[in-house]
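Heads up, the thing below is written out as structure tokens.
Since the model is a prediction, treat every value here as computed from it, not as a measurement.
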Amino acid sequence: MTDTTKRKPSKAVRKAFMKTAKGKAWLKEKKRQNASKQAWFEEKAAQTALAIEANKHI
């Protein structure tokens, strides 16, 4: 929403912001970032599992 150095806005202000087009776009972007982050963690876990499995056979 804003810089992290500023105080967190009140709940009413945040609700009003989420109703605006800018707020909706911001939320969409956050969700997209979180989805890509989640995919990265899942991929990393799969690689780790493969590495562990490979090391068992050595």
Checklist entry - Leu50: which other cluster members, linking ILVMFWY side chains closer than 4.5 Å, directly or transitively? => result none
Next on the checklist: So, using side-chain contact (heavy atoms from CB on, under 4.5 Å) as the criterion, who are the partners of Ile52 when residues are at least two apart?
Outcome noted: Thr48, Lys56
Checklist entry - Has the side chain of Lys24 got a donor or acceptor atom that lies under 3.5 Å from a matching backbone atom of Lys19? => result yes
Checklist entry - Where do Trp26 and Met18 come nearest, in terms of heavy atoms and distance? => result CZ3-CE, 3.0 Å
Can you give the donor-acceptor pairs under 3.5 Å from side chains of residues 31-45 to other protein atoms, not counting sequence neighbours?
from	atom 1	to	atom 2	distance (Å)
Arg32	NE	Glu29	OE1	3.3
Arg32	NH2	Glu29	OE2	2.7
Gln33	NE2	Glu29	OE2	3.3
Ser36	OG	Gln33	O	2.8

